[in-house]
Amino acid sequence: MDFKKKISELLKKELKLDLDYESLLEVPPNISLGNYAFPCFKLSKDLKKAPNQIANDLTKIKKPNWIKEIKSNGPYLNFYLNPEHYFKKILKAIEKQKDKFGSSNIGKNKTIVIDYSSPNIAKPFSIAHLRSTAIGNSLYKINSFLGYKVIGINYLGDWGLQFGKLIIAFKKWGDNNKLKENPIKYLYELYVKFHEQESEALENEARAWFCKLENGDKEALDIWKKFSTLSLKEFKKFYTLMDVKFDSFKGEAAYNKDLNKVIRMLKNKGITEMSEGALIVKLENIAPCLLKKKDEASLYATRDIAAAIDRKKQYNFTKALYVVDVRQSLHFQQFFSVLNKAGFEWSKDLEHVPFGLMRFKEGTMSTRKGKIIFLEDVINNAIASVSKIIKQKNPKLKNKEKVAQQVGIGAVFFWDLSHDRVKDLEFDWEKVLDFEGETGPYVQYTFARASSILRKAKKKVASNVDYSLFKQDKEIKLISMLDRFNEVIKDAAVQSKPSVLARFILELAQLFNEFYHICKCLGNDVEKEVSSARLLLVQTTAQVLKNGLNLLGISAPLEM
RNA sequence: GGGCCCGUAGCCCAGCCUGGAUAGGGCGACAGCCUUCUAAGCUGUAGGUCGAGGGUUCAAAUCCCUCCAGGCCCA
């Protein structure tokens, strides 16, 4: 935390060179090399000495009481902090701040709008939608934790030609009861049937119905409304199960009324031009942005421009994130540039947070052919698998269903979030339903283990312990790891990468398990003082694991 | 044709932004560890030209260039 700053000041005072000491300081690869290290290579030119010599000379720095030792190791200067100070400071902070540990107020009075999940109402909510949903949800929590006011927007895909297809399919083959039973899957069945029966005549009918819809035809609108309302209700049920929340469900259709206005505005700014019958905005270095095609309805870009302007007006954000897959990169660049060209200086605050595609072992998923994996099925499958394991391993567990749900969802979410979002992610049932190794359940299990110790201790964990009793390598490593939590959260936020946080808690859980096997906390053969100290470490580690999991949108059950 | 992303053990991945001390995990394989805090765990062994080549640097998986392979987008 601020030990880094303090050491930098120390070095600056000693060397009197104008350097960014803080960023030069690093954490050594091995705890035996100290808590912080200062590489001396860069100084050798200025000081006209060999790095080894410089490091050696610097060991003479007068040690303040919070530093135990300063040693040189080749060209490195290693700082060993005084455990009394260092351990106490970290553990006390966690103990005091509890669920707030790791939070900050750097986002105070700033608003971030995050657009995520955003499914197409007429198309199925497939496993591919997991990415945007999980990443966006986590970014929502992380940024809130840093003090930002966050607005989560589900920009529903509730408009487009697919509605023409669905309307005609529903009129031909539809059944109201089936629709009400399971609107999302039923609409999807109709969508697939439409494409099975695909013919030019059918396509034309679909186009005609969408045209009617765009022109405000009552029958078309009524059917559309029915589809939207029923689907949204179903989506919301599912979001509740996953514990994913939004502040707004304002979808594409809501901006229909603004499209002409936006086009007029852009025309008035003189940045549009006609090209082959289409209205476009020419841009530097990238392909022009199409606002309106010759015959067809307005394109996505116009709608997104309308939505961005609306969001700026309503929320006055300092940043707006679009958690959308990487294929849309150009599209975002284009409409951001159009806004920029139109003179909206806040267009620089718009940011596309892209993620790689979901891939499948056996070819690609095809929406039209009905070869699709529903996210709901994946989650239910995970929950069922967890249930089986609970029955086997912990049959006496109370509220089994609830825990199975938390762990099942945790497995699916963590699987996605632990991978760097920019890379493609290969869907594999075996991997998603794996609960061992680098998985969500592993982290949750670690938390449950820690909680179990605290339960069995049967007394309040003492806050004043003898910090010099942390002598084991694993204990020291664990405490140093806890110290990094604040930094990790900020890093995850800056990069908009929950994976940074996921990797951290995974590593923390691994360390805890190693500690768990070597360091006994309870029992007659453990000295009282040692027990107290270790219990405090267990409690603080559990707290950080929990905070980390929650920021990923994953629950931390006390038992599993 | 133009642009963006990616390439690290048999497989999946972290590290790359911000260059530093022997390149880390997981799965799978093999060998161990439950009368003691939850074995969804832990320990050990085997497994690496960090896609290739060049450059910058005291130092390159990390930065720059070229090439190769894969993915995506635009016309």
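So you know, we letter chains A, B, ... as the sequences are listed, proteins then strands, and number each from 1.
Comparing the P positions of B:G26 and B:C42 gives a spacing of 8 Å, expressed to the nearest Å. Taking atom C1' on both nucleotides, B:C34 is separated from B:U38 by 11 Å, rounded to a whole Å. On the C1' atoms, B:A14 is 14 Å away from B:A9, given to the nearest whole Å. Rounded to a whole angstrom, the distance from the C1' atom of B:G25 to that of B:C5 is 24 Å. Spacing between B:C72 and B:U66 at atom C1', rounded to whole Å, works out to 23 Å. B:C50 and B:U22 have their P atoms separated by 16 Å, given to the nearest Å. Going from the P atom of B:G51 to that of B:U62 covers 8 Å, rounded to whole Å. Between B:G19 and B:U57, the distance separating the two P atoms is 16 Å to the nearest Å.
Side-chain contact between A:Lys49 and A:Ser44 is absent, with no heavy atoms from C-beta onward closer than 4.5 Å. A:Asn550 is not listed as a side-chain neighbour of A:Phe145, based on a closest heavy-atom distance of 4.5 Å or more. No side-chain heavy atom of A:Leu24 sits less than 4.5 Å from a side-chain heavy atom of A:Asp20. Using a 4.5 Å cut-off on side-chain heavy atoms (C-beta onward), A:Val353 and A:Tyr116 make no contact.
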Please step through side chain to side chain contact (heavy atoms under 4.5 Å, CB included) for the pair A:Val488 and A:Arg503, ending with a clear verdict.
-> CA-CA 10 Å; A:Val488 166; A:Arg503 285 284 149 191; over 6 Å; no
Distances under 3.5 Å only, N/O to N/O: pair up the protein atoms with those of nucleotides 27-31 of chain B.
none

Could I get a table of every N or O pair under 3.5 Å where one atom is in the protein and the other is in nucleotides 68-71 of chain B?
residue, atom, partner, partner atom, Å
B:G71, O3', A:Arg359, NH2, 3.1
B:G71, O2', A:Arg359, NH2, 2.7

Under 3.5 Å, which protein N or O atoms sit close to an N or O of nucleotides 32-38 of chain B? Give each pair with its distance.
residue, atom, partner, partner atom, Å
B:C37, O3', A:Lys456, NZ, 3.3
B:C37, O2, A:Cys521, N, 3.3
B:C37, O2, A:Leu522, N, 3.2
B:C37, N3, A:Cys521, N, 3.2
B:C37, N4, A:Tyr516, O, 2.2
B:C37, N4, A:Cys519, O, 3.0
B:U38, OP1, A:Ser452, OG, 2.3
B:U38, OP2, A:Ser452, OG, 2.9
B:U38, OP2, A:Lys456, NZ, 2.5
B:U38, O2', A:Tyr445, OH, 2.1
B:U38, O2', A:Arg449, NE, 3.4
B:U38, N3, A:Met560, O, 3.0
B:U38, O4, A:Met560, N, 3.0

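Between the side chain of A:Glu487 and the backbone N or O of A:Arg484, no donor-acceptor pair lies under 3.5 Å. Although no hydrogens or angles enter the test, the distance criterion places no donor-acceptor pair under 3.5 Å between the side chain of A:Ser275 and the main chain of A:Ala278. Side chain of A:Ser72 to backbone of A:Gly74: no donor-acceptor contact under 3.5 angstrom is found. In this structure a side-chain-to-backbone donor-acceptor pair under 3.5 Å is missing from A:Asn35 to A:Tyr80. Of the possible donor and acceptor atoms, one in the side chain of A:His129 sits under 3.5 Å from a partner among the backbone N and O of A:Ser126. Between the side chain of A:Gln444 and the backbone N or O of A:Ser555 there is at least one donor-acceptor pair closer than 3.5 Å.
Looking at heavy-atom distances under 4.0 Å, A:Pro75 makes no contact with the nucleic acid at all. Across all strands, A:Ala37 comes closer than 4.0 Å to base atoms (heavy-atom distances). Across all strands, A:Lys42 comes closer than 4.0 Å to base atoms (heavy-atom distances). Residue contacts for A:Asp325: at a heavy-atom cut-off of 4.0 Å it reaches no nucleic acid atom on any strand shown. In this structure, A:Tyr442 reaches the sugar-phosphate backbone alone: every heavy-atom distance under 4.0 Å involves primed, P, OP1 or OP2 atoms, never a base.
In RNA chain B, stems built from 3 or more consecutive Watson-Crick or G-U wobble pairs, each with both distances under 3.5 Å, span B:1-5 with B:70-74, B:10-13 with B:24-27, B:29-33 with B:41-45, B:51-55 with B:63-67.
Counting only heavy atoms from C-beta on, A:Gln495 has its side chain closest to B:C17 among B:G26, B:C17, B:C74. In this structure, of B:C73, B:G41, B:C13, it is B:C13 that holds the atom nearest to the side chain of A:Arg503. The side chain of A:Glu26 sits closest to B:A21 out of B:A21, B:C73, B:C12. Closest contact between the side chain of A:Asn78 and the listed nucleotides B:C58, B:A21, B:C12 involves B:A21.
Summarising the geometry, atom CZ belonging to A:Phe515 is positioned 10.0 Å from atom NZ belonging to A:Lys520; distances are rounded to the nearest 0.5 Å. The CD atom of A:Glu475 sits 6.0 Å away from atom CZ of A:Phe470, with the distance rounded to the nearest 0.5 Å. The distance from the CD1 atom of A:Ile67 to the CD1 atom of A:Ile61 is 7.5 Å, given to the nearest 0.5 Å.
Where A:Leu425 and A:Asn513 meet RNA chain B, the nucleotide closest to each residue was compared, and A:Leu425 sits on the side nearer the 5' end.
Under the 30°/60° scheme for interplanar angles, the aromatic rings of A:His331 and A:Tyr300 are found to stand perpendicular.
Look at B:C6: its glycosidic torsion is beyond 90° from 0, and that puts it in the anti range.
In this structure, CG of A:Leu501 is placed 15 Å from P of B:A14, rounded to the nearest angstrom. In this structure, the CZ atom of A:Arg421 is 16 Å from the P atom of B:C17, given to the nearest Å. The interatomic distance linking A:Gln334 (CD) with B:C74 (C1') rounds to 8 Å, in whole Å. Distance A:Phe335 CZ to B:C74 C1': 17 Å, rounded to the nearest Å. The nearest whole Å value for the distance from the OH atom in A:Tyr300 to the P atom in B:C74 is 12 Å. Atom CG of A:Leu545 is separated from atom C1' of B:A40 by 15 Å (rounded to the nearest Å). Between the C1' atom of B:A40 and the CG atom of A:Leu549 lies a distance of 14 Å, rounded to the nearest Å. For the pair A:Lys477 NZ and B:G24 P, the computed distance is 12 Å after rounding to whole Å.
The pair A:Lys63-A:Glu69 does not meet the salt-bridge criterion, since no charged nitrogen lies less than 4.0 angstrom from a carboxylate oxygen. Using a cut-off of 4.0 Å between Lys/Arg side-chain N and Asp/Glu carboxylate O, A:Glu426 and A:Arg359 are scored as not salt-bridged.
Partners of A:Ile31 by side chain to side chain contact (heavy atoms under 4.5 Å, CB included), not counting sequence neighbours, listed by chain and number: A:Asp473, A:Ile476, A:Lys477, A:Ser480.
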Per-nucleotide protein contact string for nucleotides 4-9 of chain B (B base, S sugar-phosphate only, - none; heavy atom under 4.0 Å) = -SSS--
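No cation-pi contact links A:Lys4 to A:Tyr36, judged by a cut-off of 6.0 Å to the six-membered ring centre and 45° from its axis.
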